[in-house]
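In this text, all values refer to a predicted model and were calculated from it rather than measured experimentally. Note that ligands are numbered from 1 as they come in the structure, with each ligand's atoms numbered from 1 the same way.
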Amino acid sequence: TGLIDIKGVTLAYRTDTGPLPVLDDLNISVPEGGFCAVVGPSGCGKSTLTRLIAGLMRPDEGEVWLHGARVTSPRATVGMAFQNPVLLEWRTILQNVILPLEIVPNKQTKAQREARARELLALVGLEGFEDKRPSELSGGMRQRASLCRALVHKPDVLILDEPFGALDAFTREDLWQTMHQLRAEEPFTSVLITHDLRESIFLADEVIVLSGRPATVQYRMAVPDTGP
Ligand code: ADP
Ligand code: ADP
């Protein structure tokens, strides 16, 4: 069994025109520390899958397990980053990254929370930008900050839903390198949604191809560890 275990998951959305089957008997297991990329055509159910892992939805059939417990409600142990980072403009970059630590109950002092956020920001190359506002940063820098925010509370699972999709090719490849650095420093288990097969191979240990309506796993590929 893995840190994430998706067992026989089937899901249909209820719509005005009847049920829309989206996922059919999905079985995916991601070991602790694993990095799983999910690729597939637009609309095949990738974001739906991330919502199931985060506990934002429940499957019609099957089970989603995280760390040996069934997921039945939203989990604080999941960190998420999306294509368009939603950073709060009225807070500084540091204050944005600290946010999950203020929301999730923990015993840390203010100084400890701040040190944790600064440590992560330095790791992704944002040292010196802590007191800037989101709009003062480039798109790539904002995405770096949103990755820090997703990781600041040391979640069991980092869900990345096309986080590099809106970036230019150079910035995107810089972020890939940053992901490798983060992974070397911070233990996390990740599920990456992407349309970019090169990205999936560069970042992940396993690539899962979803397609069909409802979607099933069409193909699984272990990526040999060739290093960054
Ligand atoms: P992907 O992330 O692969 O693009 P999604 O998981 O967003 O796919 O969506 C899968 C399918 O389910 C799509 O056809 C989408 O239109 C539909 N869908 C997504 N969310 C909802 C919803 N809340 N209600 C009804 N249909 C939805
Ligand atoms: P993505 O491909 O990243 O999932 P979408 O544009 O498909 O993004 O979906 C954006 C939002 O709209 C999601 O929250 C999804 O649940 C919702 N959504 C998508 N398709 C439908 C639909 N057919 N009916 C209702 N909500 C939908």
Side-chain angles (χ1 to χ4, degrees), residues 2-30 34-66 70-75 77-87 139 142-143 146-147 149-150 155-169 172 175-176 179 188-221 223:
L3 186 121
I4 307 170
D5 272 313
I6 294 163
K7 302 179 186 171
V9 161
T10 294
L11 182 131
Y13 284 107
R14 271 149 278 280
T15 70
D16 296 344
T17 51
L20 176 72
V22 171
L23 302 175
D24 181 30
D25 192 22
L26 228 55
N27 291 285
I28 297 172
S29 180
V30 185
F35 200 127
C36 175
V38 178
V39 301
S42 196
C44 77
K46 302 182 297 297
S47 296
T48 302
L49 180 64
T50 66
R51 279 176 227 138
L52 288 164
I53 297 169
L56 301 171
M57 292 179 65
R58 292 189 198 182
D60 297 330
E61 284 172 51
E63 295 172 358
V64 180
W65 291 71
L66 263 194
R70 250 183 104 156
V71 175
T72 54
S73 60
R75 302 296 291 248
T77 51
V78 172
M80 299 183 90
F82 303 95
Q83 181 162 350
N84 298 305
V86 185
L87 297 169
R142 281 200 291 273
Q143 196 51 271
S146 92
L147 287 169
R149 185 180 54 188
D156 290 332
V157 177
L158 175 65
I159 291 175
L160 303 169
D161 193 344
E162 293 263 3
F164 315 118
L167 304 172
D168 67 78
R172 183 156 62 230
L175 265 285
W176 295 355
M179 284 307 298
F188 58 77
T189 305
S190 194
V191 175
L192 167 72
I193 305 298
T194 180
H195 283 108
D196 184 340
L197 201 53
R198 263 183 79 226
E199 175 172 293
S200 71
I201 290 165
F202 190 83
L203 291 178
D205 321 315
E206 186 181 22
V207 179
I208 287 179
V209 179
L210 279 190
S211 79
R213 164 128 309 164
T216 55
V217 175
Q218 299 289 321
Y219 190 69
R220 296 173 200 266
M221 179 181 68
V223 182

Nearest heavy-atom contact between Cys36 and Ile208 is SG-CD1, 3.7 Å

Salt bridge flag under 4.0 Å for residues Asp60 and Arg14: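 Arg14 and Asp60: salt-bridged.
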
Could you walk me through whether Asp5 and Ser29 pass the side chain to side chain donor-acceptor pair (under 3.5 Å) check? CA-CA 5 Å; Asp5 272 313; Ser29 180; 2.8 Å; yes

Which of the atoms in ligand 1, numbered in the order shown and given with their element, are less than 4.0 Å from a heavy-atom of [X]?
X: Val22; result: 10 (C), 11 (C), 12 (O)
X: Arg213; result: 11 (C), 13 (C), 14 (O)
X: Thr48; result: 5 (P), 6 (O), 9 (O)
X: Cys44; result: 1 (P), 3 (O), 8 (O)

Check the surroundings of atom CZ in Arg220: do more than 12 heavy atoms from other residues, nucleotides or ligands lie under 6.0 Å from it?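 Enclosed: over 12 neighbouring heavy atoms sit under 6.0 Å from CZ of Arg220.
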
Based purely on interatomic distance, does Lys46 place a nitrogen or oxygen under 3.5 Å from a nitrogen or oxygen of ligand 1? yes

Touching ligand 1 at all, Arg14? Heavy atoms, strictly under 4.0 Å?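 It does not; every heavy atom stays at 4.0 Å or beyond.
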
So is Gly40 in contact with ligand 1, going by heavy-atom distances below 4.0 Å?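 The answer is no: ligand 1 sits nowhere under 4.0 Å from a heavy atom of Gly40.
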
Point-to-point distance, once rounded to the nearest 0.5 Å, from CG of Leu56 to CE of Met80: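 Answer rounded to 0.5 Å: 6.0 Å.
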
Between CG on residue Leu20 and OG1 on residue Thr15, distance to nearest 0.5 Å: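 Separation between the atoms: 6.0 Å.
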
Ligand 1 contact on Leu20 by region, counting heavy-atom pairs under 4.0 Å: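 Just the side chain.
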
